[in-house]
Amino acid sequence: MDLLEYQGKQLFARHAIPVPSGQPASTVEQAVAAADQIGYPCVVKAQVLIGGRGKAGGIRVAKDRAEAEQHARSILGMDIKGFTVHEVWIEEASQIAAEYYASIVFDRAAKAPLVMLSKEGGVEIEQVAEENPEALARLHVDPLLGFQDFHGRRLAFAAGIDADLIRPVGAMLAKLYAAFVAEEAMLVEVNPLIVTPERDVRALDAKVTLDDNSLYRHADNAALRDPSAEDAQEQMAHERGLTYVKLEGDIGILGNGAGLVMSTLDVVALAGGAPANFLDAGGGSKADAIVSAVEVILSDEKVKAVLFNIFGGITRCDEVAKGLIEAFDVVKPTVPFVVRLDGTNDVEGRRLLAEANLPNVHTATTMNEAAEKVVELAANAGAAA
Amino acid sequence: MDLLEYQGKQLFARHAIPVPSGQPASTVEQAVAAADQIGYPCVVKAQVLIGGRGKAGGIRVAKDRAEAEQHARSILGMDIKGFTVHEVWIEEASQIAAEYYASIVFDRAAKAPLVMLSKEGGVEIEQVAEENPEALARLHVDPLLGFQDFHGRRLAFAAGIDADLIRPVGAMLAKLYAAFVAEEAMLVEVNPLIVTPERDVRALDAKVTLDDNSLYRHADNAALRDPSAEDAQEQMAHERGLTYVKLEGDIGILGNGAGLVMSTLDVVALAGGAPANFLDAGGGSKADAIVSAVEVILSDEKVKAVLFNIFGGITRCDEVAKGLIEAFDVVKPTVPFVVRLDGTNDVEGRRLLAEANLPNVHTATTMNEAAEKVVELAANAGAAA
Amino acid sequence: MSVLVGTDTRLVVTGITGREGTFHALNNRRYGTQVVAGVTPGKGGQDVEGIPVFNTLAEAVEEQGANTAMIFVPPRFAADSILEAEEAGISLIIAITEGIPAHDELRVYTHLKRNPNVTLVGPNCPGILSPGKASVGIIPASFFKQGNVGVVSRSGTLTYQIGNELAQRGFGNSSIVGIGGDPVPGSSFIDIIALFEADPETELIVMSGEIGGSAEEEAAEYIAANVTKPVVAYIAGFTAPPGKTMGHAGAIVSGTAGTARAKQEALEAKGVRVGRTPTETAELAMQILGNR
Amino acid sequence: MSVLVGTDTRLVVTGITGREGTFHALNNRRYGTQVVAGVTPGKGGQDVEGIPVFNTLAEAVEEQGANTAMIFVPPRFAADSILEAEEAGISLIIAITEGIPAHDELRVYTHLKRNPNVTLVGPNCPGILSPGKASVGIIPASFFKQGNVGVVSRSGTLTYQIGNELAQRGFGNSSIVGIGGDPVPGSSFIDIIALFEADPETELIVMSGEIGGSAEEEAAEYIAANVTKPVVAYIAGFTAPPGKTMGHAGAIVSGTAGTARAKQEALEAKGVRVGRTPTETAELAMQILGNR
């Protein structure tokens, strides 16, 4: 789960990480009222889960109320790389003497949190890492020992931080680490971490990714999910507890298990088709889940054919067949389906499907055969349309 | 640093460990006012750092104000095994369905916290451990991993705790562990840990020993030290930053380093003497510290002779000599001194002493010789007196 | 022979009294696995169709000599259950549970790796099947038969798919090991490939990876330096768009590293043949074994 | 030979720019120890009479090849400094600092013991002296000469006292190791006795213990099972009253276990001769060496 900038900053504030004060707003009126309260100059910042907001005109300084209103009006509703701006964050303007970079990443390869610090902040850090790797200091932290003072010193000295800021920057990293652990983040990134003319350090931006699996014990964070930021189909799938990712093509895909679904996408693509989505019905998929899944897939109007690719383990093929029969009763689909059932209770599943004699439902015994068939059906549907 | 029962309970309460409510009082009037507020029946408990308060009559239930006053009057000022009662703790009376035992010890041998739990509480646990070791469940906790839920379950099942209390007792142990770590305790003991008729668990007693070395980062705890509980000489030494323990004999002892001082006590005892104290002037003892030390030693009127046993490492013998000369000037002792100086700058130290020609100061070159001489001088002084 | 589970396995199942726990514990026993105990706190003294249930893993080890634990408890209890198994002296812990918080996994992994006497497989994995000997987990064992192909996979259903493709071509498996697709798997491709390399029954190794992380790239280096047996690989996720999460936390693509293409190239650069589909992968394996 | 410190020692001193740090670093150098670096954060680039000062221990290792660290910082910074030394790849850490919180020591100990490449001696110890070769710490080196007696002690000044008694009788030392009297010493009697057992120069081992804890009792068991060289022991604290703290956190007597008497009996039961005074201990050592 990715947090919007202002949600990240509110999370930071809970851990005593200094951030500029501000208020979120989702209408022009709210934005102006917030700006009045914060005072001028202030900054109007688009809240979307994508980088490059500044270049796109999504971050603007307002020197007075008229400008605040003008900026809020132009930014709210703006499209930034396919993301619509539903909220802005009105923030006090900060004075900047220097821009640093700090982050903590859940490093899967090293199996330890990786803390990074650079004096070259405010720019794309990937570029710094590539062109001048020495400028990006890195240190892994033992997860059971935790962040120690010396980690902060080593990073700060290695990054060439000014002598008077070694301690405050180290302390900031310690707090970021504490937040990373306490909130169970996968990523905490501050770019830029600014130094003010008074030599204070502050997080001027906040990028936080939380672990979805941990949200059950973080009620505050779980409540933050912003459905408006999600695609309509994805939101629907999310509400129904399905793992769904919308793609660009016209072949609806359902499978059980993320690996098998990814593989199915690949096999369909190799057969010349274009998948419309990724949908993992999960382990032990029951009939209800299948009905929901069919509804989600077909809510995407681009879909011209659907492929069910099931290899039963915990998932029982007869349950999937029952779900599909029920879905046809409820949803009455008009597009062709290709169904491949293999694994646990596959014979029973195929028997149920055959008996139900659903309209325009085709069966296949292998994954490759199923992919070829669905690509052909989608192409025919496209030609007919 | 040992905490009084009520200080321990207040510490527990900070960690959400359930304890009966109560108030401390150091006068009869305060005690009665506290009892009135708590309501009757209530319990008047002597606050001293020694076990066996109950048997000594230091814990009494008051069913009304008259009894509260009577008990407070009899307990305040009472002597329990050499400890004078300066404070009582007035506590709500608890209903007891069962008495358990729980503790966490900083186990030096295993180098890990040891958590112990028994169904047989309210009695001397050493006796339980000896007579029925199975009844005392024990488990070490990895200090970096910390206390896990399974530790609580293992202990609770192993101790034979009633089925409905497995979870609450496990949760209580988890909180005790959290307190043990957060407050940097060397010991946290609850005896008895009671079960109420409503099946709640509560700490009815609290024995907490804190690590003196950690007090600098626990301002709350550091402020708790109760000087009235200490011996007058020990209090004086403590205020001057000296490590001093009062003993029963008549030979004052000063040395540098705990091991050497302990060894000096042994050698004096072997020579037939009785040490009056343990005093470690510490590493790098300066002249000031020596003056303070002499004052502390001589404030014990039983002292008939004093032994200085110094082997210089960081401590410089010339500094010790200067301190002793200054001390004679300030304190003007009337008892004989034996001084053994060896190690860093010993030649210079001995020269200074010889030049000062202090009254009744004898020198020795070895520890054994010094011990024999001081025992002889003390015996003569005793005979003369 | 086989790796990790076999005729010596004495299995304890945590969460055995839950619906899924009971179902799969009995399934594993039916296959021939010695299921010697179950653990559910508070249900000690009961039994599940003759399998004795204990309150703690320590009791299961003490009373029944359990040496392998299958973790089947819900995600919020799984880390604790794994740590309990380690503390009880279990030497192989197979964690089926899906959805364990990543920071829990990290703490557990870091603690367990310091104990050389314990191996963790999973979490979020289908378990381990050594056909004809023992099955621990949820792999549909009837689709596989005993043979000389070792399979190691990050994905559950993909494991079955590939194993089944091999079986349909007449090949069998020494063991099928699902390592799971979570951020911090207890055992890596490398750990399992090393076991297959040392296993006399295994003549060919199939590894099935997916986008995200760098486990496949690391395995490629390891194979080049240490493995004498032929290895065939499959990678899922060639058409996954960058930056999109595909269900597994493991399937987050960041930049170019971690893409299916990058993994394929890393493996092929070290001489490992990579199939484009599960079917092609099975065919590659068949060719190599047929030529021997 | 000698143990732990010697001619290969390349010492870095943390807290070198403090008054005591400077004094003892220079003292150690004067004795012949290779003092190659100091560390004081923020003072990198300076030097202490020619000893270069760095901001971090990692730099001291990288630039100067330091392999041994002496920790001389105040107690509240000591745990961090020890952990920094371990992370920097230092193989021997000698912590002089007195007064480190016990829970800090416990965390540090638990972390370090998982790294087989690092040894911690102390904290709250006087250091290690290998006469004629190197001195790291605050032991007044001029009182000791090279020889064949290995000394290991929990108490600083008692170390000097016993070493000096031996020197006065004409004996010298292979190494004198102060392990400190804190609740969680990095190295135990057993660790150091094992080194002396393996050291060809050492012909007799003197261990000096004190009341509290069970380190002496454990050493007695170890000696009986593993040590071929003669061992003579001294225990301080026969007249210490039970339940009284004697300055060292280590000197808390609880019940009968941990008393000087119990320790003496444990050692004598395993054939270790125990002197009643430092002088008698030195005489015992002399007798044994004279008879060889």
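Below, read A as the first sequence line, B as the second, and so on, with proteins coming before strands; counting in each chain starts at 1. All values reported here derive from a predicted model rather than from experimental measurement.
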As an exercise, state the distance from [atom1] of [X] to [atom2] of [Y], rounded to the nearest 0.5 Å.
X: B:Glu91; Y: B:Gln23; atom1: CD; atom2: CD; answer: 11.5 Å
X: B:Met1; Y: B:Asn221; atom1: CE; atom2: CG; answer: 6.5 Å
X: A:Trp89; Y: A:Asp205; atom1: CH2; atom2: CG; answer: 11.5 Å

(request) Can you tell me which residue pairs pass the ring pair (Phe, Tyr, Trp, His ring centres under 6.0 Å) test with a partner in residues 161-202 of chain A, sequence neighbours excluded? (result)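 Sorted result for residues 161-202 of chain A: A:Phe147-A:Tyr177, A:Phe180-C:His103.
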(request) Output the residues of residues 189-197 of chain A for which the shortest heavy-atom distance to chain B is under 4.5 Å, in residue-number order; output 'none' if no such residue exists. (result)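 Within residues 189-197 of chain A, no residue comes under 4.5 Å of chain B, counting heavy atoms only.
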(request) Determine, for A:Asp162 against A:Lys119, whether the closest basic-nitrogen to carboxylate-oxygen distance falls under 4.0 angstrom. (result)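 Looking at A:Asp162 and A:Lys119, the cut-off is met.
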(message) Strictly distance-based, threshold 3.5 Å: is any side-chain N or O of A:Asp280 a donor or acceptor partner for the main-chain N or O of A:Ala258?
(response)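 Checked: pair present.
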